[in-house]
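None of the values given here were measured: they were computed from a predicted structure. The chains referred to below are lettered A, B, ... by the order of the sequence lines, with proteins before strands, and numbering in each begins at 1.
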There are 2 protein chains.
Amino acid sequence: MSARDKAISSTLGYALLGLLAREERSGYDLTQALKNPVGYFWFAQHSQVYPELARLETAGLVAHTLIEQADRPDKKVYRLTDMGRAALSAWLNADTELPRKRDELVLKAYSIWLADPAAAARMMREHAQTHAAHLAEFQSGLSNLEGEAGAALWQPDSPWFGVHAVLRRGIGYEREYSEWCEWLAQCLEGTEKGSP
Amino acid sequence: MSARDKAISSTLGYALLGLLAREERSGYDLTQALKNPVGYFWFAQHSQVYPELARLETAGLVAHTLIEQADRPDKKVYRLTDMGRAALSAWLNADTELPRKRDELVLKAYSIWLADPAAAARMMREHAQTHAAHLAEFQSGLSNLEGEAGAALWQPDSPWFGVHAVLRRGIGYEREYSEWCEWLAQCLEGTEKGSP
DNA sequence: TCGCCCATGTAAGCCGTTACATGATTTA
DNA sequence: TAAATCATGTAACGGCTTACATGGGCGA
């Protein structure tokens, strides 16, 4: 097991296994999938995906079939093996370390007393809008999901439930972030909000 | 300017400048400071701090004085130069890229339909408690700050305002995170919450 | 025709973590 | 006696980003 564990270098491996647990995909498809809902909380470039897939295959956690295509480049479609599914389960049960956050905007907020208040307020308003836009995307994503998945959205053994959970997190995160930006902007403009 | 910009390799440099804008500190002190409130959204080890300080000094953004101590090791106390303050201001006005989030727990949530619901619920409850504990810390941090800073907390040109802003962000973040964990735990236990 | 989509890879370099290295003083 | 605090560095390694490399089909 110790030799096998080393096969999965980083968390990215489990991200890929989690995607393959739902359906077979090529490296290209996996890279695309790492943008929508999963990708809101884990991201990777294709240059990271292809080598990782090779490592996973060496470890016996995934296997691929070459699909020859006429009008497009050939592709390798990967699927999860039994060992891969077991590895994914083991990871799910293992302890999860807290993520260390690195957020440049919050870091700027720490030094915002040195900035021009009006300009800073404008900046925070822009970010509030950006996060509000993300929020709206997630919310419409959830709406679509309700249409597609129906009651399965609430069944803990349904793959839709996983998407649901991630979307809810995204919604909460973006809402909070947007509100914080708005709050800061108002403070900077002198129209304080919130009790002292 | 282009040659000068290269002096600050990463965001860490600005984090250090932001700390030094408040008071002079040694590399050791800076590393410690990168744990409380700033450090909730930016972190670094001392092995990263010392070389970065050297780079900042070469660029003329900080300067140091050697303080000889009898019962403790000598130390270099760094202070911000005028150029450093200007660089910090320029950074504050510059565009801020959105942080790409990487959160292993949310990634697990995506695959949680493959896990044992009871065990998964227990895990989410634990994380809910962890984040609730962080929330409580931030809230008491804000209380203390109110005692220390008073009205300055709400003055956009006061250094306390920066701490205030970061703490508010931490409070919102941890509250939302904790609530999400709790929501997920309840879903997994079958006692659904929230309208379908 | 210019650029995007599909599709898979390799290579260079940076940022950050962990570990190595040293050493006196205080506290449990 | 063991461990933590203060204090400053260097070195190895790994993950991630950016860029290099190739190439046909399709839409604006």
Side-chain angles (χ1 to χ4, degrees), chain A residues 5-16 24-36 38-39 41-58 62 64-78 97-104 107, chain B residues 5-16 24-36 38-39 41-58 62 64-78 97-104 107:
Chain A
D5 278 351
K6 292 178 74 176
I8 297 195
S9 55
S10 64
T11 313
L12 173 62
Y14 296 106
L16 299 179
E24 302 185 342
R25 289 178 225 237
S26 67
Y28 183 89
D29 293 334
L30 285 164
T31 306
Q32 299 306 114
L34 279 176
K35 287 169 186 163
N36 293 300
V38 214
F41 293 95
W42 210 272
F43 182 75
Q45 310 286 342
H46 75 269
S47 59
Q48 227 187 326
V49 171
Y50 291 119
E52 184 65 33
L53 280 170
R55 258 173 265 139
L56 293 173
E57 187 153 42
T58 305
V62 302
H64 83 266
T65 310
L66 186 71
I67 306 288
E68 292 178 39
Q69 297 181 120
D71 54 342
R72 291 178 183 184
D74 297 350
K75 62 177 172 181
K76 297 179 180 177
V77 172
Y78 287 86
E97 277 175 61
L98 291 178
R100 4 179 170 49
K101 318 170 267 291
R102 282 206 168 85
D103 189 320
E104 198 173 352
L107 191 62
Chain B
D5 278 352
K6 290 178 76 176
I8 295 198
S9 55
S10 64
T11 313
L12 174 61
Y14 296 106
L16 299 178
E24 303 185 342
R25 289 177 225 239
S26 67
Y28 183 89
D29 293 335
L30 286 164
T31 306
Q32 299 307 115
L34 279 175
K35 287 169 187 164
N36 291 302
V38 213
F41 293 94
W42 209 272
F43 183 76
Q45 309 287 341
H46 74 271
S47 59
Q48 229 188 323
V49 170
Y50 291 118
E52 184 65 32
L53 279 171
R55 256 172 267 139
L56 293 173
E57 187 152 42
T58 304
V62 302
H64 82 265
T65 310
L66 187 70
I67 306 289
E68 291 178 40
Q69 297 182 120
D71 54 342
R72 291 178 182 182
D74 297 350
K75 61 177 175 180
K76 298 178 180 176
V77 172
Y78 287 85
E97 278 176 62
L98 291 178
R100 342 143 188 304
K101 316 170 268 292
R102 283 203 166 88
D103 190 319
E104 198 173 353
L107 191 62

When you measure from the side-chain N and O atoms of B/Q48 to the phosphate of C/dC15, is any distance below 4.0 Å, counting only OP1 and OP2? no
D/dG14 phosphate, OP1 or OP2: any side-chain N/O from A/S10 under 4.0 angstrom? no
Rounded to whole angstroms, how far apart are [atom1] on [X] and [atom2] on [N]?
X	N	atom1	atom2	result
B/E97	C/dC15	CD	C1'	15 Å
A/R100	C/dC15	CZ	C1'	12 Å
A/R55	D/dG15	CZ	C1'	9 Å
A/R102	C/dC15	CZ	P	12 Å
A/L12	D/dC16	CG	P	7 Å
A/L16	D/dC16	CG	P	11 Å
A/E52	D/dG15	CD	C1'	10 Å
B/Q45	C/dC20	CD	C1'	14 Å

For a side-chain contact (heavy atoms from CB on, under 4.5 Å) check, start with the C-alpha distance between A/Y78 and A/R25, then their side-chain angles and the critical distance, and finish with the verdict. CA-CA 5 Å; A/Y78 287 86; A/R25 289 178 225 237; over 6 Å; no
Exercise: identify the closest heavy-atom pair between B/P99 and A/D103: CG-OD2, 3.5 Å
Would A/L16 and A/L12 count as a side-chain contact (heavy atoms from CB on, under 4.5 Å) if you check the C-alpha gap in whole Å, the side-chain angles of each, and the deciding distance to 0.1 Å? CA-CA 6 Å; A/L16 299 179; A/L12 173 62; 4.3 Å; yes
Option passing side-chain hydrogen bond (donor to acceptor under 3.5 Å, both in side chains) with B/H64 (candidates B/K75, B/E24, B/E57): B/E57
Summarise how protein sits on nucleotides 2-9 of chain C as a single string, 5' to 3': B when a protein heavy atom is under 4.0 Å from the base, S for sugar-phosphate-only contact, - for no contact. ---SBBBB
Measure the CD-CG distance between A/Q48 and A/L34 for me, rounded to the nearest 0.5 Å. 9.0 Å
Please lay out, stage by stage, how A/F43 and A/Q45 fare under the test side-chain contact (heavy atoms from CB on, under 4.5 Å). CA-CA 7 Å; A/F43 182 75; A/Q45 310 286 342; 3.2 Å; yes
